[in-house]
Structure formats: structure tokens, C-alpha cells
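For reference, the structure is listed below as C-alpha cells.
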Amino acid sequence: MATQSKRAKLQGTGSDAAISGSTAQAQKTAKYKRSFQLNPHAEVEGMHPTGVKPLGNMFFSGVDGIAMRTQGLGSFSALPDDVLLEVLHTFPIQTLLSLAQLSRPFNAIACHEPLWKDLALDLAQTLHDSHESYAGFTFQGTWKRTCLWLHKRYNTSTKPGDTTMMFTGMAEPLTPCPLYSDEVFAPWYFASIVLDSNWVSDNTIARRTASQLPVSQFLQEFEQTNTPLIIEGGCSQWPATQHWPTDLKVRCGDAQMKAGDCHMTMAQYEHYSTLERDERPLYVFDKHFIDKVPQLGKDYNVPEYFAMDRDLFCQLAEERPSYRWLIAGPPKSGSNWHIDPNNTHAWNALIFGEKRWIMTPPNHPPPGIFPSPDGAIVATPVSITEWFVNYYEALRASGIPFLEGIQRPGDVVFVPHGWWHVVLNTEYSVAVTQNYVSQSNLVDVLRFMRDKPDQLSGIPEDLQIFQLFCDRLSASHPTILSDALAEINGQDSDTDTTSQTKPKKVGLWSSLTDQGDAESSTEGQSARSKSVSSFSFGFT
């Protein structure tokens, strides 16, 4: 069974969708091995429920934390905390509940919320796939209580003598103990930090009012120049902006939307959002929302700036890659750093709530984000909050030409292809997003399809989409296709004539361990080399 960090990180991303089932250029994200450090400027709500403290605190506490851990964990104390948590993931529920009663140190680790979140989500997914009466789940305030609630409600015991239900009264942690562990403390810490009002305090993303922005001006000044934009009031006239803030869960009824690794009704999800204390909250990201609730498709229309008659992917009809999603999430949810799939443009329309965006230009990943040379794998912090706490100020001081801005209800954000971006919800937020291909990014999309078929997202593995797309465009837009292919052929010729003078490409591991040729290092190489001790790659 995967650990929380593996589960959370090996997910793809779409526009504002890092916690999702769609993949941004089929990017896989690699697991950080956290090198935890408290931020002295961060404000934290409450105290850890089992009294866990950062490892560094042990040296100033006057308590022999090592002896307490050894006595409390017994033979298990020989394992580092991250390995111990991996081992506990393999245990059945009743064993974890028993271990939690052995000692206060064991209770602190065996009650680790991300551990129980994994167990609950695995159980929920199994029930969704196999249990005819499964109707989602009601979050019980903690993932441990939720896991036991699911177990009891759906009678998941399959073995004679299963004693899990004997332990349902043991869902609460014991008296707090001074266990010192970065692995156990960090998820709670980043989940409990109060959002800093200074994060994304500047509005440097260009803003235009929809009523004063003709389509021709948008195309000339923003889409053709690949420049981000916030269109104020771009969706303010939609029926969705009038009805969804109060009636979305009623409109959706019993339809179950995909939220992270599970499925929930919107009523269940809104209930979860009011109680959750997750470092990475579950995030609704459903590409089938219109099939599930047809009325939702009638509540919005594609803004004129991105009209479907200009979306060349429409030529693929039912075979086009996944392209539209309903998005919903509580504060601290959102989208970790990524590039949108298949070199597409994207737009994101906020129905209600508030989102804070940061973008960096193509080929300029921000501090703390480490893509492999081909872009297929990206090492990132586990959560959006962690990135903001540890790297936001570093970005501001880095010299990277980044843009940031606040999206409010009725605003539509245009995300040009190739731009890195992160999105942080500061309120419970609901949005609709779509990806598209226009004449302005067709060359890049075609080249991506041809050269990186293994990184294509949202299509069946056996679909030869490059050839299919060219065939469809040849029939519908022959001139546009011929011009695009001619430009690609010209780029190929330029590449061929310069390839003899290019330095040898350095592999990912060589670049990270500083074993590659110094003369062939790429931009950001020194940052990656310095950071290698703070994270590790999990290729799974």
C-alpha cells in the first residue's frame, strides 16, 4: 500500500488541478524526503493532537526523547520514522488500533492522520468499485474515525474473528507525549499554518475588464504573444454564478464527483470541507461532471475569447483528449506547480471563492521545483502550503520573471501554454476549467504529440493521435495545417544544423549529483545540486 506522500505525489495535473486524475504532460512528481524547518514568521493554529514536536526541539526540551522513543516503540525504534510509517501502512486496521494502545509514542505514530487518510481512501475506493450500495461517505472529523465508520457502515469484515469493531471506541488518541519526529509533525504543521495575506499580494498578471476587451484585442495582445491574463467579469453573467454558490449540492443531488482518490456527492464534499484539517485537502476534479449532471453544462458557456469554433481540438470530436473539469476545494487546496497538458492553452472561470495564482514563463521553473530534462518527472514539495512557506520569498528574490494575481468570483484566467503555475485557494472555491488548442499554439501541440507520445495526457494509450489530428485538420483546415507543419520542418532543419555543436545531454541523476560535465549544465543546475539532500525521487 502506498504511503500518503507517494499517493499524493504520483498524480497528474491539469490547469488548477494538481490533486486530480488528469496529467499535465503526463508529468509524474517525485517524492521529497523532507528536511523540516520551522518558519519563525508562520502563525499556526492549535497544537498537534498527540503532542508530537519537531525533531530539533528535543535538544532544548530537557527530555530524553531518544530513550522515550526506544522504550515506547521497542524493536520498531530501530526504524527511522519514514520507514516505520511505510511498515505501518501494510498492517490491517485492527493491528494499528492495537499498536496505538501499547504506549504513548506508538499511539502518536499509529494515530498519524495521513496514515488513516490512506486507509480510508483505499477502503472508499474499494467500496466504490465493488459495493453496490456504496453511496459515498460522510467525513467524521478525523480520518481515523472516518475509516472506522466506513468499516462499520459497509460491514467490510471478510474473515472470521475480525475484531476491528471491538476497537471502534479507541478512535481517539491517548494523552499527548513528547515524541520528536519531523515525519509525523510536518503534515500537521503545514495543514495548520494560517495563510499569509502577503502571499500573492501584488497583482502583476495583466487584468482587463470583459466589457472593454474585444476578442480581436485579446488574440493580438495575449493569446498570440502567449501572455497570461485575468479577464474581470468574464463569466459573471453565467447562470452558474447565480445558482451554484447556494444550490450546487442540490443541483448535483446523488451524483458522485471525483475528489482526489475517491468519489463523493457534493453535499458530502462540502461537509468534508468544513471539517478537514489536511495538509493536502481532497480536491474535486471531475471531467465527467456534465455527463453526471447535464444541468451543469447548461449553467455555463465557453467565453467568446476561447470560442469552440477556434478550438482545433474540436476536430477530434469524441477522440479529443480530456479537456474540461469541474473544480472545487477548501482553503489550502489548489494546484501545485505544473505545466498544462499536451502544450495546450487553458482558461479557468471562478464561480465563487478566491484563488491566488503565480506563474513563471516557459523554461523557468520556480525555486523548489525540479523537472527532469525531458519534463516527464517533476520533484515538488508535498503540498502547496509547504512550497509557499519554504520558497515563496525565494522566488521573489530569485530574479525569475514571475507574475502573480488574485482571481475573484466572475473572473476568468487565461493560462498560456508552457507556463508554470501554482494556484492556492484561500476560500472554499468552485470553478470550471477547459484546455484548448488554437492556431497560436498549434505548432507546439503538434510537435509535442510527435516527439513525446509517452507524455500525452487524457487519451487511450493505443490512439495514434498525432496522425489522427493531422488527418482531421487536413480535411477541415488544410492551410493552417500545412503552415504549421512547414514551421515544424523548418525548426527540425535548424536543429539538425546545430546539433553537432550542442553539448552532451546530462542525465537527471548526473545533474542532481553534480556528476555531469559542468560545461553542459542547464539553467537552475546549481539550485538542483544544492537541494539534492532535501528530497529523493520515487520512480514508481
Side-chain angles (χ1 to χ4, degrees), residues 14 16-17 19-22 117 120-141 143 145-147 149-156 235-276 278 281-302 318 322-331 333-334 348-355 409-410 425 427-434 458:
D16 185 18
I19 308 177
S20 70
S22 174
K117 181 179 182 180
L121 294 182
D122 283 342
L123 181 55
Q125 186 60 46
T126 299
L127 291 169
H128 176 268
D129 295 340
S130 61
H131 207 290
E132 293 183 359
S133 64
Y134 180 71
F137 66 87
T138 302
F139 186 64
Q140 301 296 302
W143 284 108
R145 289 198 294 266
T146 302
C147 187
W149 179 88
L150 278 166
H151 201 292
K152 181 177 181 180
R153 180 177 178 85
Y154 293 100
N155 190 25
T156 60
C235 65
S236 59
Q237 301 304 312
W238 288 357
T241 61
Q242 303 173 29
H243 300 296
W244 290 9
T246 56
D247 296 339
L248 181 59
K249 63 183 178 183
V250 176
R251 267 170 153 69
C252 294
D254 294 332
Q256 293 185 26
M257 298 298 177
K258 183 173 176 58
D261 290 333
C262 65
H263 296 77
M264 310 170 71
T265 67
M266 288 307 297
Q268 291 169 336
Y269 182 75
E270 289 185 18
H271 172 76
Y272 157 80
S273 296
T274 62
L275 298 177
E276 61 85 19
D278 291 339
L282 295 179
Y283 201 35
V284 169
F285 189 74
D286 198 304
K287 64 182 179 181
H288 299 299
F289 70 102
I290 292 179
D291 296 330
K292 296 175 180 179
V293 187
Q295 179 60 44
L296 299 184
K298 300 175 183 178
D299 287 343
Y300 84 95
N301 56 276
V302 176
E318 297 300 319
S322 302
Y323 71 102
R324 64 185 177 193
W325 297 268
L326 174 70
I327 304 173
S333 66
N348 181 297
L350 184 60
I351 309 304
F352 62 88
E354 181 181 273
K355 295 177 180 289
N425 292 326
E427 302 174 4
Y428 181 75
S429 302
V430 173
V432 172
T433 187
Q434 290 193 185

If every non-hydrogen atom of [X] is compared with every non-hydrogen atom of [Y], which pair is closest and at what distance?
X: Cys262; Y: Ala124; answer: CB-CB, 4.4 Å
X: Cys252; Y: Met266; answer: SG-CG, 3.6 Å
X: Leu350; Y: Val430; answer: CD1-O, 3.4 Å
X: Phe139; Y: His271; answer: O-NE2, 3.1 Å
X: Leu282; Y: Gly260; answer: CD2-CA, 4.4 Å
X: Tyr154; Y: Ala135; answer: OH-N, 3.2 Å

Quick one about [Y] and [X] (side-chain donor to acceptor, distance below 3.5 Å, no hydrogens or angles considered), yes or no?
X: Asp254; Y: Thr265; answer: no
X: Lys287; Y: Ser322; answer: yes
X: Tyr134; Y: Gln125; answer: no
X: Asp286; Y: Trp325; answer: no

Exercise. Begin with the C-alpha distance, continue with both residues' side-chain angles, and end with the deciding distance and a verdict on side chain to side chain contact (heavy atoms under 4.5 Å, CB included) for Asn425 and Tyr283.
Key: CA-CA 11 Å; Asn425 292 326; Tyr283 201 35; 3.4 Å; yes
Please tell me if the side chains of [X] and [Y] come closer than 4.5 Å, counting only heavy atoms from C-beta onward.
X: Lys258; Y: Phe285; result: no
X: Asp299; Y: Thr241; result: no
X: Arg324; Y: Phe289; result: yes
X: Val284; Y: Ile327; result: no
X: Leu326; Y: Trp244; result: yes
X: Met257; Y: Met264; result: no
X: Asp278; Y: Trp143; result: yes
X: Leu127; Y: Phe137; result: no

Keeping [X] on the side-chain end and [Y] on the backbone end, is there a donor-acceptor pair under 3.5 Å?
X: Thr126; Y: Asp122; value: yes
X: Lys355; Y: Ser429; value: no
X: Ser273; Y: Tyr269; value: yes

Say you draw a straight line from [atom1] of [X] to [atom2] of [Y]; how long is it, rounded to the nearest 0.5 Å?
X: Lys249; Y: Glu270; atom1: NZ; atom2: CD; answer: 5.0 Å
X: Ser236; Y: Gln242; atom1: OG; atom2: CD; answer: 9.5 Å
X: His131; Y: Arg153; atom1: NE2; atom2: CZ; answer: 10.0 Å

Practice problem: Walk me through it: do Lys292 and Gln256 pass the test side chain to side chain contact (heavy atoms under 4.5 Å, CB included)? | Solution: CA-CA 8 Å; Lys292 296 175 180 179; Gln256 293 185 26; 5.6 Å; no
Quiz item: Does Gln237 CD have over 12 foreign heavy atoms under 6.0 Å away?
Solution: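 No - once you tally the heavy atoms of other residues, nucleotides and ligands closer than 6.0 Å, there are 12 at most.
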Practice problem: Under the side chain to side chain contact (heavy atoms under 4.5 Å, CB included) rule, what do Leu248 and Leu296 come out as? Steps first, then yes or no, please. | Solution: CA-CA 9 Å; Leu248 181 59; Leu296 299 184; 3.9 Å; yes
